[in-house]
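Here is the structure we will look at.
Atoms within a ligand are numbered from 1 in the order they appear, just like the ligands themselves.
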Amino acid sequence: MSHSNIQDPVISRQTPRSDFSIDQCWLEYTADEHAVWDLLYARQLDILKDRAAPEFLKGLKTLELSRTGIPDLKRLNPALKALTGWEIIMVPHLVPDDVFFTHLANRRFPAGRFIRRRDQLDYLQEPDVFHDIFGHVPMLANPVFADYMQAYGQGGLRALNLGTLKNLARLYWYTVEFGLIDSPEGLRIYGAGIVSSFGESQYALENSEPNRIAFELNRIMRTEYEIDKFQKSYFVINDYNQLFDATQQDFGPIYERLKADTTSYGTDQIIAADSLIR
Ligand code: HBI
Ligand code: FE
């Protein structure tokens, strides 16, 4: 993994706490780092205003993420906490799965402190503060989505114990990161991996290549994914209750079937049971 954050002196001088959190030290962001946020923000807002889900745009506005510069958690957290009880904590890099899920289960979202360099505007492998805050936080202001994320964290801890994390991680990938929603105004984006990407925000809705398949939990849990390319398949929900409801069922029988029949589907594969959207 390329560690773009090792050049962040505010990260490297800190010893993370046992939950892997560090201090944001917002006053220490440089003018150039704030300028990179503003550049990314302006570029994304322009293409997202008629592509992002209404709930995402509402979250951006309510939390005033449109203020200039990298958000200060001292201001953002009280606002988010008042809305849904979630808060953001800063971490130096990807944290271990059990740590990640424990945070989610307690309504804490771990965000990277560092911001990408100007030569990495379009893609970087590790989540930075732009992906994590611009991409993930607006949806955490939505009560139903906020509950879904917590339920996912609880489910993640169980999946770790049961050895089914691979299947559950696919659910996160195809919803939280790359989910689309069939809204009254048409197909819209709510996935953080798409809304934080200039190229994929257009590709996910407008390109004729990728499959757009109606959300189905069991199907998603068998679907492979690739992390460093635009997706070949997107899964489309009707509303956020569909996500939350899916996590309220007993995953025991689902995991039993996945273990008995280990069939998996390729990233571009369509199966007979799929309901295709557009
Ligand atoms: N750590 N900081 C951070 N951010 C993530 O999105 C993340 C992580 N650790 C593990 C992890 N994601 C995966 O387990 C999930 O995406 C399934
Ligand atoms: Fe993410």
Side-chain angles (χ1 to χ4, degrees), residues 1-6 8 11 14 16-24 40 44 52 56 59 65 73 86-116 120 123-140 145-146 148-180 189-197 200-201 204 217 220-221 223-231 234-235 243 247 251 255:
M1 189 174 294
S2 67
H3 281 276
S4 346
N5 53 351
I6 52 174
D8 184 333
I11 294 176
Q14 294 188 57
R17 301 176 191 95
S18 58
D19 68 354
F20 284 74
S21 66
I22 56 171
D23 290 327
Q24 183 182 27
L40 288 163
Q44 285 315 102
F56 175 87
L65 288 181
L73 294 189
W86 274 78
E87 67 181 313
I88 312 307
I89 57 161
M90 288 272 135
V91 292
H93 43 62
L94 286 173
V95 300
D97 291 333
D98 62 324
V99 175
F100 184 67
F101 295 139
T102 300
H103 282 308
L104 297 186
N106 290 284
R107 294 193 172 235
R108 293 187 297 266
F109 189 80
R113 185 217 181 252
F114 76 103
I115 192 154
R116 67 196 73 184
Q120 301 171 312
Y123 183 76
L124 79 168
Q125 204 170 353
E126 236 190 312
D128 70 343
V129 68
F130 186 77
H131 167 80
D132 281 335
I133 292 191
F134 179 89
H136 285 283
V137 173
M139 289 306 299
L140 290 174
F145 195 84
Y148 169 62
M149 286 287 277
Q150 179 178 25
Y152 183 87
Q154 293 162 340
L157 292 170
R158 280 193 295 273
L160 268 180
N161 291 330
L162 298 170
T164 52
L165 185 61
K166 191 171 88 179
N167 305 102
L168 193 74
R170 291 169 175 164
L171 177 63
Y172 192 88
W173 189 261
Y174 283 115
T175 62
V176 178
E177 294 291 354
F178 292 96
L180 299 180
I189 306 160
Y190 72 89
I194 312 178
V195 293
S196 60
S197 159
E200 195 154 357
S201 288
L217 180 79
I220 289 176
M221 284 199 177
T223 310
E224 290 158 7
Y225 63 84
E226 288 173 304
I227 62 158
D228 50 1
K229 302 190 173 75
F230 289 174
Q231 303 304 303
Y234 297 96
F235 290 89
L243 291 178
T247 57
F251 281 17
Y255 290 150

Notebook entry, point to check: When the aromatic ring centroids of Y148 and Y172 are compared, is their separation below 6.0 Å?
Noted result: no
Notebook entry, point to check: When you measure from atom 12 (N) of ligand 1 to each heavy atom in F101, F100, Y172, which option holds the nearest one?
Noted result: F100
Next item on the list: Closest by any non-hydrogen atom to atom 9 (N) of ligand 1: pick that one out of L94, V95, L104.
Entry: V95
Check: By atom name, which N, O or S atom belonging to E177 lies closest to the Fe ion (ligand 2)?
Finding: OE2
Item checked: L243 side chain reached by F145 side chain, heavy atoms, under 4.5 Å -> yes
Checklist line | Ring geometry between W173 and F178 (parallel below 30°, tilted from 30 to 60°, perpendicular above 60°) | finding: tilted
Note to self: In terms of relative ring orientation, are F251 and Y255 parallel, tilted or perpendicular, with 30° and 60° separating the classes?
What the structure shows: perpendicular
Item checked: Polar side chain donor-acceptor pair, Y234 to E200, under 3.5 angstrom -> yes
Checklist line | Close approach, E177 and ligand 1, non-hydrogen under 4.0 angstrom | finding: no
Next item on the list: Please could you name the atoms of ligand 1 that H93 approaches to less than 4.0 Å, counting only its heavy atoms?
Entry: 2 (N)
Item checked: Protein contact of atom 14 (O) of ligand 1 - nearest heavy atom, named by residue and atom, plus distance -> D97 OD1, 2.5 Å
Note to self: Could you measure the distance from the CD atom of Q14 to the CE atom of M90? Nearest 0.5 Å is fine.
What the structure shows: 11.0 Å
Check: Where the Fe ion (ligand 2) is the corner point, what angle links NE2 of H136 with NE2 of H131, to 10°?
Finding: 90°
